[in-house]
Amino acid sequence: MRRHVVLACVLLLCLPALALGQTTAAGFTVRLDTNLGGSGFNNVDSSAGVHVLTNRADNGERIDIDADGNYEFVVMAKNTTDNIFVYESTADNTYAFRWGFDPNAGTGSVPVQAAAVADSDHDGRLELIYSDGSTLRVFEYSGAGQMTDGSNPSDTPVFSTALIGVMGLTVGDLDSDGTREILVCSAAEVDALEIRENSGNNTYASAVTADVGNDDGLDNDTDGGCASMSGIADLDGDGTREVVVAPDEEARTLNAFFVYRWDGSGTITEEARLPVAALVSGTPGINNVLVYDLDAAGNPEIILTENATLGVYVYESTAANTYAADAGGAILNTVGNCFNPDVGDFDADGDLEIYLPVDPGGNESAIYVEHTGAAGAFSGSDFAASVEFVTDIGSDGAGGANDPRGLAYGQGSIDGADMMGDIVLITQSGDLIVVEADASGSEVPVELFSFEVH
């Protein structure tokens, strides 16, 4: 297989290869390496500030907004013109910029961002649902023609509303009524979790809200807010769907995260409050939470990444509405920050890996840990030793301030032609990197239970 960076020079943007210092482990090849020309991007230091989407939030399928058979990925970052970008595969290992949007009109401001791609209103046209931390916007594909920057989707959203401090966003049918909802969680001390339902004609009414980390039974008081939210899944096998919410620093005094369910009524139910001993007020806490069936046993597990020591924790259901931490602690600990993990199976051996962008000892890298144990309770021994599959990420080489901030694993491959997994990374300095997992020669798509929001 060719081992070089392919230039993407199509229509609107040519993506130049950079002579950077990163190296890859056996089975991985850098296919795209470019810098977004960042302006003010380096000031982003929030886990929610930068991330990547490779799969739809509503059903886990690969993203194909314009339905032309070429898959896209979405990057949230910052350059002189846009905060959110859509890139499309145009050939094997080749990608082109298609669409972007800047809510701050080129001011250089870098907001907290969250996004999802889904068909939230069941009309057959995908939407890019995006929050810049102050406004929720729904951009809808026209239904015909190629994605085109500035016009398809239009830069004028079909719906927008003010929502302050949004940290997480996903789409799905939480109440199992056959229609999908938009779920947002924010840093607000009141009503930090909100569910919006499509009410026709491109409007999304607020159906219900809840405080996050309510510690006194009172609604609408200052309990704290949300730092991260998972996708929607039936976590305990009881036929109802749940969503997992991690607290922000204000709510972290509870040393817990929360599992919520909703039956379509006027109340969101806190199904479980799960302790995490490492969460101490005033110290780094949960960066990200996602749900995924790691052991292929039927129910997705809850995967947390904790920032202080790169602790990776796995929780799973033990009975209806009941969850427990596996192994009583972290399955992986190392030194460094961790943002925006994902799950995949690069070698197609049936054992899933957790992929993590990290910066241990200032050596910016991405690692994976493979689950090799049997179905059931997890412990550290159920995972193989971690592998750095990309090291010295970014144009500044090792030891610089260019931490990887976002990662997404393209299930079944983004470029489509070779069915090899494609891993998209974005760094603190705006380096966009696509790494192809080519160890097996074929990639087995797995069911995606989550869209991770950071």
Taking C-beta and beyond as the side chain, do [X] and [Y] meet within less than 4.5 Å on heavy atoms?
X: Leu425; Y: Leu432; value: no
X: Val259; Y: Ile302; value: yes
X: Val86; Y: Leu128; value: yes
X: Arg56; Y: Leu126; value: yes
X: Ser142; Y: Arg125; value: no
X: Ser365; Y: Val390; value: no
X: Leu407; Y: Ile423; value: yes
X: Thr179; Y: His122; value: yes

Fit a plane to each ring of Phe139 and Tyr130, take the angle between them on a 0 to 90° scale, and name the class: parallel (under 30°), tilted (30 to 60°) or perpendicular (over 60°).
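Phe139 and Tyr130: tilted rings.
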
Return the orientation label for the Tyr260 and Phe258 ring planes: parallel under 30°, perpendicular over 60°, tilted otherwise.
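Geometry flag for Phe258 against Tyr260: tilted rings.
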
Taking atom [atom1] of [X] and atom [atom2] of [Y], what is their separation to the nearest 0.5 Å?
X: Arg196; Y: Ser206; atom1: CZ; atom2: OG; value: 5.0 Å
X: Arg62; Y: Ile414; atom1: CZ; atom2: CD1; value: 9.5 Å
X: Phe257; Y: Tyr313; atom1: CZ; atom2: OH; value: 11.0 Å
X: Ser186; Y: Leu163; atom1: OG; atom2: CG; value: 7.5 Å
X: Asp342; Y: Ile354; atom1: CG; atom2: CD1; value: 10.5 Å
X: Asp102; Y: Phe85; atom1: CG; atom2: CZ; value: 8.5 Å

Decide yes or no on side-chain contact (heavy atoms from CB on, under 4.5 Å) for Met229 and Val184, but give the supporting numbers first.
CA-CA 8 Å; Met229 180 172 64; Val184 293; 5.6 Å; no

Please check if the side chain of [X] supplies one atom and the backbone of [Y] the other of a donor-acceptor pair under 3.5 Å.
X: Asp422; Y: Ser413; value: no
X: Glu72; Y: Ile65; value: yes
X: Ser317; Y: Ala319; value: yes
X: Asn288; Y: Thr305; value: no
X: Thr203; Y: Gly200; value: yes
X: Asp173; Y: Gly178; value: yes
X: Asp149; Y: Gly100; value: yes
X: Glu353; Y: Phe346; value: yes
X: Glu301; Y: Leu294; value: yes
X: Asp66; Y: Met147; value: yes

Restricting to non-hydrogen atoms, name the atom on [X] and the atom on [Y] that form the minimum distance, rounded to 0.1 Å.
X: Ser176; Y: Gly239; answer: OG-O, 4.4 Å
X: Val171; Y: Ile232; answer: C-CD1, 4.2 Å
X: Thr135; Y: Arg137; answer: CB-NH1, 3.7 Å
X: Val424; Y: Val434; answer: CG2-CG2, 4.3 Å
X: Ala57; Y: Ala116; answer: CB-CB, 3.9 Å
X: Ala324; Y: Thr318; answer: CB-CG2, 3.9 Å

side-chain contact (heavy atoms from CB on, under 4.5 Å), that's the test. Do Leu183 and Leu174 meet it? Break it down for me.
CA-CA 9 Å; Leu183 280 67; Leu174 184 58; 3.8 Å; yes

The test is salt bridge (charged side-chain N to carboxylate O under 4.0 Å, His left out); show your working for Asp58 and Arg180 and say whether it passes.
CA-CA 8 Å; Asp58 51 355; Arg180 298 178 182 125; 3.5 Å; yes

Going through the distances and angles, do Ile195 and Ile182 end up as a side-chain contact (heavy atoms from CB on, under 4.5 Å)?
CA-CA 6 Å; Ile195 298 174; Ile182 298 175; over 6 Å; no

For [X] and [Y], which I'm curious about, is there any donor-acceptor pair between the side chains at under 3.5 Å?
X: Asp191; Y: Thr209; result: yes
X: Tyr368; Y: Glu370; result: no
X: Glu127; Y: Ser120; result: yes

Check side chain to side chain donor-acceptor pair (under 3.5 Å) between Asn198 and all other residues, then give those that pass, not counting sequence neighbours.
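For Asn198 there are no side chain to side chain donor-acceptor pair (under 3.5 Å) partners, ignoring immediate neighbours.
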
Under the side chain to side chain donor-acceptor pair (under 3.5 Å) rule, collect the residues that match up with Ser154, sequence neighbours excluded.
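Partners of Ser154 by the side chain to side chain donor-acceptor pair (under 3.5 Å) criterion come out as none, since no residue qualifies.
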
The criterion is salt bridge (Lys or Arg N to Asp or Glu O under 4.0 Å); which residues satisfy it with Glu88, sequence neighbours excluded?
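Applying salt bridge (Lys or Arg N to Asp or Glu O under 4.0 Å) to Glu88 gives Arg98.
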
So which of Tyr71, Tyr87, Phe73 actually passes ring pair (Phe, Tyr, Trp, His ring centres under 6.0 Å) with Tyr95?
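The passing option is Phe73.
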
Can the ring centres of Tyr323 and Tyr315 be said to be less than 6.0 Å apart?
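That pair fails the under 6.0 Å test.
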
Identify whether the distance between the nearest side-chain nitrogen and carboxylate oxygen of Arg261 and Glu242 falls below 4.0 Å.
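The answer is no: the pair does not qualify as a salt bridge.
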
Pair Tyr204, Thr161 - check side-chain contact (heavy atoms from CB on, under 4.5 Å), show working.
CA-CA 9 Å; Tyr204 296 82; Thr161 189; over 6 Å; no

